[in-house]
Amino acid sequence: MSAETEQRIVSWHANPSKPRFIPPPGAVDAHCHVFGPMAQFPFSAKAKYLPEDAGPDKLFALRDHLGFSRNVIVQASCHGTDNAATLDAIAKSDGKARGVAVVDPAISEDELAALHAGGIRGVRFNFLKRLVDDAPKDRFLDVARRLPAGWHVVIYFEADILDELRPFIDAIPVPVVVDHMGRPDVTQGPDGADMKAFRRLLDSRHDIWFKATCPDRLDAAGAPWDAFADAVAPLVSDYSSRVLWGTDWPHPNMEKAIPDDGHLVDMIPRIAPTPQLQHKLLVANPMTLYWND
Ligand SMILES: O=C(O)/C=C(\CC(=O)C(=O)O)C(=O)O
């Protein structure tokens, strides 16, 4: 894809509402991205989408508008394995951001150490065919065995390949964080086949975490995303010590159904109704994974 021939896409709300829910002090938006700015950080030649710039200035303004304190910036597929934009945003955050990188599995120990010094605390393995050309499990496992101390692996997959991925996930030697709960069909409800399979995965190891994120991606009925709230609230309550939350801003590939970030924040008390759950989801859990040093 080339910037000259493709039209750049805006996938985020120009003027998100102020949420009614007020996050607790120290709340972490634990899943968000930056795009570019392209002039400084060009997108990957293999990128499957070409977004407009959504850099750290916009991300930090949104953080403050929504009442959050910190961000975990996840390297988006449009930047490939060049983590410069993510590192730049972390460096500009005044200690208020950490990150998850996407790396070439052949990365050296020195390069991993440099990512650690730049605030990276995990690597992401993406299995979505519409986002990446290949996902080599053996090479992923090789790098997972060489990660700096305290790091984890983030995996992104869709529910229909969970069974196939189980031996791979079982072999990951560090904690695992599952993006968007492995994209279950939330219309099946809390006891549907997808949620049951995901619970079996969570029960198989106590160091598998998940992000209770993306009602906009998972609930096609649209806001206020009632099916998402019904299906996800029991999961948050039953696995409250290993769940994270994030906006997913700037919502890559959601340009046809852009969510209002204020409405996304207002999902939090529906899936985590008590102050205790909200503190775990937004403060204690992400601090354990990302600011544990
Ligand atoms: O942002 C997300 O979590 C989900 C994405 C984009 C993505 O992961 C990426 O580009 O790396 C998606 O489903 O298109």
Side-chain angles (χ1 to χ4, degrees), residues 1 6 8-13 28-36 38 41-55 58-59 62 71-87 89 97 99-104 120 122-135 140 152-162 165 176-186 194 198 209-220 225 228 232 243-259 261 264 267 286 289-290:
M1 182 176 288
E6 296 290 330
R8 297 181 68 191
I9 292 162
V10 173
S11 54
W12 59 94
H13 202 289
V28 182
D29 174 353
H31 185 93
C32 51
H33 314 279
V34 287
F35 298 151
M38 188 172 86
F41 305 111
F43 297 107
S44 163
K46 296 180 181 169
K48 306 296 183 213
Y49 55 95
L50 185 68
E52 285 288 350
D53 291 342
K58 285 197 179 73
L59 176 64
L62 181 79
N71 297 103
V72 178
I73 303 172
V74 177
Q75 168 83 352
S77 59
C78 56
H79 278 296
T81 56
D82 180 349
N83 294 283
T86 296
L87 289 166
V100 173
V102 174
V103 301
D104 180 330
I120 299 294
V123 288
R124 188 185 201 210
F125 300 148
N126 190 334
F127 287 91
L128 266 68
K129 291 196 173 68
R130 67 178 164 81
L131 294 174
V132 291
D133 294 332
D134 56 342
F140 283 167
H152 59 274
V153 157
V154 174
I155 46 175
Y156 187 26
F157 58 87
E158 288 171 323
D160 62 342
I161 66 161
L162 174 54
L165 280 184
V176 175
V177 178
V178 180
D179 276 347
H180 320 328
M181 300 163 288
R183 300 189 61 116
D185 178 352
V186 294
D194 286 358
F198 191 59
W209 303 58
F210 63 99
K211 296 177 188 165
T213 34
C214 291
D216 49 314
R217 292 188 193 277
L218 302 183
D219 188 346
W225 307 295
F228 180 94
V232 174
V243 57
L244 307 171
W245 187 89
T247 54
D248 185 42
W249 187 91
H251 314 290
N253 299 308
M254 292 301 292
E255 59 275 6
K256 296 217 170 66
I258 295 174
D261 300 279
L264 290 172
M267 175 58 71
L289 273 185
Y290 293 98

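The analysis underlying the following values was restricted to heavy atoms, covering all of them including side chains, and did not include hydrogens, waters or symmetry mates. Order of listing sets the numbers, starting from 1, for every ligand and every atom in it. One-based numbering along the sequence shown.
- For Phe228, the ring-ring contact (aromatic ring centres under 6.0 Å, His included) criterion is met by no residue, not counting sequence neighbours.
- For ligand 1, the protein residues within 4.0 angstrom (heavy atoms only) are His31, His33, Tyr49, Ala76, Ser77, Arg124, Asn126, Arg130, Leu131, Tyr156, His180, Arg183, Arg217, Asp248, Pro252, Asn253.
- The minimum heavy-atom distance between Ile73 and Ala89, with the atom names listed, is CD1-CB, 3.6 Å.
- Residues passing the side-chain hydrogen bond (donor to acceptor under 3.5 Å, both in side chains) test with His152, sequence neighbours excluded: Tyr290.
- No side-chain donor-acceptor contact under 3.5 Å links Asp53 to the backbone of Gly55.
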Show every donor-acceptor pair shorter than 3.5 Å between a side-chain atom in residues 176-184 and any protein atom, with sequence neighbours excluded, or say none if there are none.
from	atom 1	to	atom 2	distance (Å)
Asp179	OD1	Lys211	NZ	2.5
Asp179	OD2	Arg124	NE	2.9
Asp179	OD2	Arg124	NH2	2.8
His180	ND1	Thr213	OG1	2.8
Arg183	NH1	Tyr156	OH	2.8

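- Panel note: side chain Glu52, backbone Ser11; no donor-acceptor pair is recorded below 3.5 Å.
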